[in-house]
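Proteins get letters first, then strands, A, B, ... in listed order; numbering begins at 1 in each.
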Amino acid sequence: MNRIFVIARNAFREAVRDRVLYNLVVFVLLITASAVFLGELTAGHEARTIVNLGLSAMLVFGAFIAIFVGVSLVSKEIEKRTVYAVFSKPVGRGEFIIGKYLGLCLTLLVNVLIMGGGVSLALLYVGGYELAFSIWGSIALVFFELTILTAVAILFSSFSSPALSALLTFLIFIIGHFSASLRDFAENLGSGAAKVFFNAIYYVLPNLSHFSFITNAANGEAPPVSMLGGAFAYALVYAAILLSLTILVFSRRNFK
Amino acid sequence: MSYIVEIENLTKDYEVGFWKKKKVRALDGLNLKVESNQIFGFLGGNGAGKTTTIKILMSLIFPTEGGAKILGEDITDVKMHASIGYCPENPYFYDYLTARELMNYFGELFGLDSAERKRRTEELLTKVGLDEKDWNKQLRKFSKGMQQRVGLAQSLINDPKIVFLDEPMSGLDPIGRREIRELIAELREQGKTVFMSTHILSDIEALCDNVAILRKGKLAATGKLDDLLTRGGERQIFEINVKGVSKERLQTLIADVPTAEIYAKPNGANIHVQDESDIEAVLRIIKPSGGKLVSIQPVKQSLEELFAKETG
Ligand SMILES: Nc1ncnc2c1ncn2[C@@H]1O[C@H](COP(=O)(O)OP(=O)(O)OP(=O)(O)O)[C@@H](O)[C@H]1O
Ligand SMILES: [Mg+2]
């Protein structure tokens, strides 16, 4: 257990030193600019716009990190042969995967927290005092979604190239948001192989609509506790299944 | 007798080509037993299978057939890694860490406490001859030889019972080689076992107690280095080194010792005989001739010859 945390901390240090958190600078500039300028254009709606823009950017920036850092998290270590020394220590392959995964989740958490802080400050600045607090439930949902995406990226990268893994993870991110339409589509097909196929996709792919609350958040709503709890449990179980598959593949891997 | 490393019928096929259909046999039924508290040389030409063997021992790749034990434990049991060390061939480490941070990180993976990590880090980085001013530099700024030194230092962070070194001298300058040679010799003094692969004949001669020579994934020879070298030819040759008498003069005197061959050298000569009883005969002749005996020794096949024969 202790080794998992040691590996996670090192993965976090790696992300920081590789300047992953620099995206925050861009984000802060974006939010500051919108707080100052957008308000004048859309009088009365500035707080809403900041929430919409801020949380969407948080999701998109986070997704980028989850995908691009996630697919190279393990493959880079194999390619650069840094795994050789690590696995000659008493480190299991599973411990390594879980540690690396938690390290990236920690990076994403820090990223999301700082961004959330930025959005809150911007809201306070434009006078959206209630929103500055009510958005944090939605921020948690964004983070849960990113933990699923990271697990998807690691799973793909355990058996395919980083570029292909990034593409596939991106597709899952997109499809995952239209999961409900996928099911409706399957229902409308009536019967037959196509219906089974689309239903299967619906059940296998992550249903990311469980985590979408940005529009509601802009209207001042906070996600109910049951939704937060459900989303948390869903992310936990889904990520655990993907990580188990990853470990299964990774444990048989020859490092050549 | 229990062995610290036991390799049984180890076979490895690498799958190559786009569909991984073609197979390259890198190791072919290797059997090997290594006793503890010695420096064991694992020799063989390029592509003989040394790195492949060591990587299997470290569970980095998996054997196609056969298996191995280290310290009596099966290699699939990573708990045993707590008491072993490994320095890969041309090692590469996290380039965003400093040498000190890397050592500390690996120490943490072994569960060492922080005082111990600090003490061992400083001791080992000094021992491998890494300048103190480089300890806090990121590894991306390290030269090949410096990486190699860090590699050796990290392989000893847990004070292992046995350490596997894959070409430990590669990339080192002459002084570095001497330092690492001393370090390896010191490990044996401490009662540890060193399992090292190398091509450098002078290192083998200076360090190794026993060796195994690999050829195309098979064991070509194994045993005490001295035995392998003297076993050389079928007959044992002795060299009698004398001074103060010329080759020409000796030639006439020793005419009745048929196996003797005489080679001139400055101020004297070397006489090779093929039988211990002939040594007596030669000595009886030298004394009255005014020559002086310098030394008598068995002629060893040179390591280079052995290497060429067994790996060729
Ligand atoms: N990743 C790989 N894929 C395919 N073949 C490989 C791979 N690694 C090694 N081989 C082959 O396996 C054989 C043994 O290679 P290995 O690296 O074990 O040799 P070595 O004894 O360490 O050589 P060297 O002295 O050059 O380091 C060689 O024929 C090599 O071509
Ligand atoms: Mg090699």
Side-chain angles (χ1 to χ4, degrees), chain A residues 1-22 69 72-100 102-104 107 159-161 164 247-256, chain B residues 12-16 20 24 26 51-52 54-64 70 76-98 101-112 138-140 150-151 154-155 157-158 160 163-164 166:
Chain A
M1 203 60 193
N2 194 21
R3 277 191 296 273
I4 293 178
F5 289 124
V6 170
I7 293 168
R9 205 162 29 135
N10 191 52
F12 177 69
R13 179 163 55 178
E14 174 179 9
V16 172
R17 297 214 177 151
D18 283 348
R19 307 192 169 86
V20 168
L21 296 179
Y22 274 28
V69 181
S72 66
L73 208 55
V74 171
S75 57
K76 193 169 81 186
E77 295 230 6
I78 296 175
E79 178 150 342
K80 289 196 167 179
R81 295 183 295 119
T82 49
V83 282
Y84 286 20
V86 173
F87 286 116
S88 67
K89 316 287 181 262
V91 173
R93 300 232 174 152
E95 289 176 322
F96 182 75
I97 294 289
I98 297 172
K100 293 290 276 187
L102 291 179
L104 183 48
T107 311
F159 59 81
S160 73
S161 74
L164 183 60
I247 292 168
L248 207 65
V249 176
F250 191 66
S251 296
R252 292 146 190 260
R253 181 93 183 242
N254 281 295
F255 302 129
K256 328 196 214 185
Chain B
K12 176 69 181 174
D13 291 334
Y14 283 111
E15 288 153 351
V16 294
K20 310 204 162 192
V24 174
T51 299
T52 301
I54 296 179
K55 279 167 74 177
I56 292 175
L57 290 176
M58 296 300 113
S59 278
L60 296 173
I61 55 177
F62 303 108
T64 308
I70 301 174
T76 51
D77 176 17
V78 297
K79 282 203 286 301
M80 162 268 288
H81 289 193
S83 344
I84 70 174
Y86 167 53
C87 178
E89 183 176 34
N90 302 320
Y92 193 81
F93 302 105
Y94 300 109
D95 53 16
Y96 53 89
L97 295 182
T98 67
E101 286 169 340
L102 183 84
M103 295 289 284
N104 187 58
Y105 176 48
F106 286 161
E108 284 180 307
L109 290 180
F110 279 111
L112 306 179
Q138 283 195 346
L139 294 173
R140 67 176 93 237
V150 174
Q154 64 81 29
S155 73
I157 185 80
N158 57 328
V163 57
F164 296 82
D166 199 348

Any cation-pi pair here, B:K12 with B:Y14, using under 6.0 Å and within 45°?
->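 Yes; both conditions hold, so B:K12 lies above the ring face of B:Y14.
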Does anything in residues 247-256 of chain A pair up under salt bridge (Lys or Arg N to Asp or Glu O under 4.0 Å), and if so which pairs, sequence neighbours excluded?
->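 Residue pairs passing salt bridge (Lys or Arg N to Asp or Glu O under 4.0 Å), neighbours aside: none found.
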Please name all residues satisfying side chain to side chain donor-acceptor pair (under 3.5 Å) with B:D77, sequence neighbours left out, ordered by chain then number.
->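 None.
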Selection from B:I84, B:I157, B:T51, B:V78 maximising heavy-atom pairs under 4.5 Å formed with chain A =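 Most heavy-atom pairs within the cutoff with chain A belong to B:V78.
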Top residue by heavy-atom pair count (under 4.5 Å) with chain A, among B:F106, B:Y86, B:F164, B:Y94?
->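 It is B:Y94.
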Measuring heavy-atom distances to chain A, does B:I56 have an atom under 4.5 Å in its side chain, in its backbone, in both, or in neither?
->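 Contact with chain A: none, neither part.
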Ring centres under 6.0 angstrom apart (B:F110, B:Y105) =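 Centroid distance B:F110-B:Y105: not below 6.0 Å, so no.
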